[in-house]
Amino acid sequence: KNRKFSENEIISGTVEEIGKKYIFVDLGLKSSGAIPIEEFKLSQEFDGISVGAKVDVLLERIENKDGGIQISLEKCKRMKSWARMKKAYDNGEEVKGTVLSRCKGGYVASVESVVCFVPSSQLDLRPLKSIDHLVKTPLTFQIVKMDERRGNIVLSRRLVIEKIRNKDKNKIISKLKEGDIVTGVVKNLTDWGCFLDLNGADALLHITDISWSRISKPSELLSLGQSVKVKITKIEPIKLKISVSMK
């Protein structure tokens, strides 16, 4: 009489009987709740369960069509996981999960047994021909969207990688200063210039800074993989941008 119960809330009960198909839990209500043994096996808790053990469950119905109460261990765990992920989302924290399979537009991932969606563009920095090396491997994600009404969660691994990459770039850029003469490797050519790799940091070499003589395109003097000496003309730490010149 002193206990107040509401449907769709997590409550604690005591295991009173372990049957062949069900585990019965006493919640202090007019009858005990029955949970299929499969739910305990799925969460790998069956071997450690015993009569008298405390267990948290989700109270789905105080009285179902048969007059009994309806509870769930699996939905309880899912609700707890959702609450933890909502906290991580609100605080901008990263979460650990695994990619399970490919689906339309991206991939299915699991975080704390909650099924999530990872768009193809958000799994890595570049499109991957194969994800075999990532499947069922612990990965770190950033939660970018949560829709509680629909139960949808969207993840991004790309944001995590970019954050690590930018942190490394900041360290590299902090050691450089305008006027330094450095060696870079040509990593990309365009009609208006090229991008160099300065030991982990990207630098822009504009076509007008390649030669004193007029050229129509950078490929006339440069090629991919070529090492060149350049002078740093401008550093923009906030944008992680470096401009260089060969003149």
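All of these numbers come straight from a predicted model, not from anything done at the bench.
Taking CZ from Arg158 and CZ from Arg126, the interatomic distance works out to 9.0 Å, rounded to the nearest 0.5 Å. To the nearest 0.5 Å, atom NZ of residue Lys75 and atom CD of residue Gln70 are 6.5 Å apart. Rounded to the nearest 0.5 angstrom, Leu196 CG and Lys229 NZ are separated by 14.5 Å. Separating the OG1 atom in Thr208 from the CD1 atom in Ile210 is a distance of 8.0 Å, to the nearest 0.5 Å. Separating the CD atom in Glu39 from the OH atom in Tyr22 is a distance of 10.0 Å, to the nearest 0.5 Å. In this structure, Ile173 CD1 and Asp168 CG are separated by 11.0 Å, a value rounded to the nearest 0.5 Å.
Salt bridge present: Asp180 and Lys177 bring a charged side-chain N and a carboxylate O closer than 4.0 Å. We find that Asp202 and Lys187 are joined by a salt bridge, their nearest charged nitrogen and carboxylate oxygen being less than 4.0 Å apart. At a threshold of 4.0 Å, the pair Lys80-Asp56 counts as salt-bridged, since one of the basic side-chain nitrogens sits closer than that to a carboxylate oxygen. Ion pair Glu178/Lys234 not flagged as a salt bridge, since none of the NZ, NE, NH1 or NH2 atoms sits closer than 4.0 Å to an Asp/Glu carboxylate oxygen. Under a 4.0 Å N-O distance rule, the pair Glu94/Lys163 qualifies as a salt bridge.
For the pair Phe141/Val118, a side-chain contact is recorded, criterion being any heavy-atom separation below 4.5 Å from C-beta on. The side-chain heavy atoms of Ile10 and Val57, taken from C-beta on, include no pair separated by under 4.5 Å. Between Leu58 and Leu73, the closest side-chain pair of non-hydrogen atoms is not below 4.5 Å. Residues Lys54 and Thr14 form a side-chain contact, since some pair of their non-hydrogen atoms from C-beta on lies under 4.5 Å apart. The shortest side-chain heavy-atom distance between Ile232 and Ile242 falls under the 4.5 Å cut-off. A heavy-atom distance below 4.5 Å is found between the side chains of Asn188 and Thr190. Tyr107 places a side-chain heavy atom less than 4.5 Å from the side chain of Ser120. With contacts defined as side-chain heavy-atom distances shorter than 4.5 Å, the pair Leu59/Asn8 does not qualify.
Here the shortest heavy-atom pairing between Ile49 and Ala53 reads CD1-CB, 4.2 Å. When all heavy atoms of Glu148 and Trp82 are compared, the pair lying nearest together is CA-CZ2, 3.4 Å. Across Cys194 and Leu222, no two heavy atoms sit closer than the pair SG-CD1, 3.8 Å. Annotation for Val111 and Gly97: closest pair CG2-CA, 3.9 Å, computed over non-hydrogen atoms. Contact detail for Val244 and Ala203: the closest heavy-atom pair is CG1-CB, 3.9 Å. Closest approach of Asp191 and Pro218 over heavy atoms only: O-CD, 3.6 Å.
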Worksheet item: When you look at Arg157 and Asp124, which way does the salt bridge (Lys or Arg N to Asp or Glu O under 4.0 Å) test go after all the steps?
Response: CA-CA 6 Å; Arg157 178 171 173 262; Asp124 208 303; 3.2 Å; yes
Worksheet item: Passes side chain to side chain donor-acceptor pair (under 3.5 Å), Lys247 versus Ser211? Steps please.
Response: CA-CA 6 Å; Lys247 290 181 179 179; Ser211 172; over 6 Å; no
Worksheet entry | CA sep, side-chain torsions, deciding dist, call: Arg165, Leu125, side-chain contact (heavy atoms from CB on, under 4.5 Å) | CA-CA 10 Å; Arg165 184 188 63 178; Leu125 295 175; 4.0 Å; yes
Discussion item. Does Gln122 form a side-chain contact (heavy atoms from CB on, under 4.5 Å) with Val144? I'd like the steps, not just the answer.
Written reply: CA-CA 10 Å; Gln122 297 301 313; Val144 295; 5.6 Å; no
Discussion item. Before you tell me yes or no, could you show the steps for Ile143 and Val154 under side-chain contact (heavy atoms from CB on, under 4.5 Å), namely the whole-Å CA-CA distance, both residues' side-chain angles and the distance that decides it to 0.1 Å?
Written reply: CA-CA 6 Å; Ile143 304 173; Val154 180; over 6 Å; no
Practice prompt. Take Glu60 and Ile71 through the side-chain contact (heavy atoms from CB on, under 4.5 Å) test and state the conclusion after the steps.
Written response: CA-CA 5 Å; Glu60 295 185 88; Ile71 59 176; 6.0 Å; no
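One N or O on the side chain of Asp147 and one on the backbone of Arg149 form a donor-acceptor pair closer than 3.5 Å. A donor-acceptor pair is defined here as one N or O able to donate and one able to accept, closer than 3.5 Å; no such pair exists between the side chain of Asp209 and the backbone of Leu205. Side chain of Thr233 to backbone of Ser245: no donor-acceptor contact under 3.5 angstrom is found. Side-chain atoms of Glu7 come within 3.5 Å of backbone N or O of Ile62 as a donor-acceptor pair. Here the side chain of Ser156 pairs a donor or acceptor atom with the backbone of Leu159 at under 3.5 angstrom. Side chain of Ser110 to backbone of Val115: no donor-acceptor contact under 3.5 angstrom is found.
Among the candidates Thr137, Val108, Leu123, the single residue satisfying the side chain to side chain contact (heavy atoms under 4.5 Å, CB included) test with Val99 is Leu123.
Heavy-atom neighbours of Lys231 NZ from other residues, nucleotides or ligands within 6.0 Å: at or below the threshold of 12. In this structure, Arg61 places its CZ atom where only 12 or fewer heavy-atom neighbours from other residues, nucleotides or ligands lie under 6.0 Å away.
The aromatic rings of Trp192 and Phe195 stand perpendicular to each other, their planes meeting at an angle above 60°, with 30° marking the opposite boundary.
By the rule that hydrophobic residues join a cluster once side-chain heavy atoms approach within less than 4.5 Å of another member, Met79 and Val95 end up as members of separate clusters. Val185 and Leu221 are assigned to two separate hydrophobic clusters, defined by single-linkage of ILVMFWY side chains at heavy-atom distances under 4.5 Å. Ile18 and Val55 fall within the same hydrophobic cluster, where Ile, Leu, Val, Met, Phe, Trp and Tyr residues are linked whenever their side-chain heavy atoms come under 4.5 Å apart, directly or through other members. Connection of Ile131 to Ile161 is not established within any shared hydrophobic cluster, with ILVMFWY side chains joined at heavy-atom distances below 4.5 Å, either directly or through further cluster members. Each of Ile207 and Leu204 belongs to its own hydrophobic cluster when Ile, Leu, Val, Met, Phe, Trp and Tyr are linked at side-chain heavy-atom distances under 4.5 angstrom.
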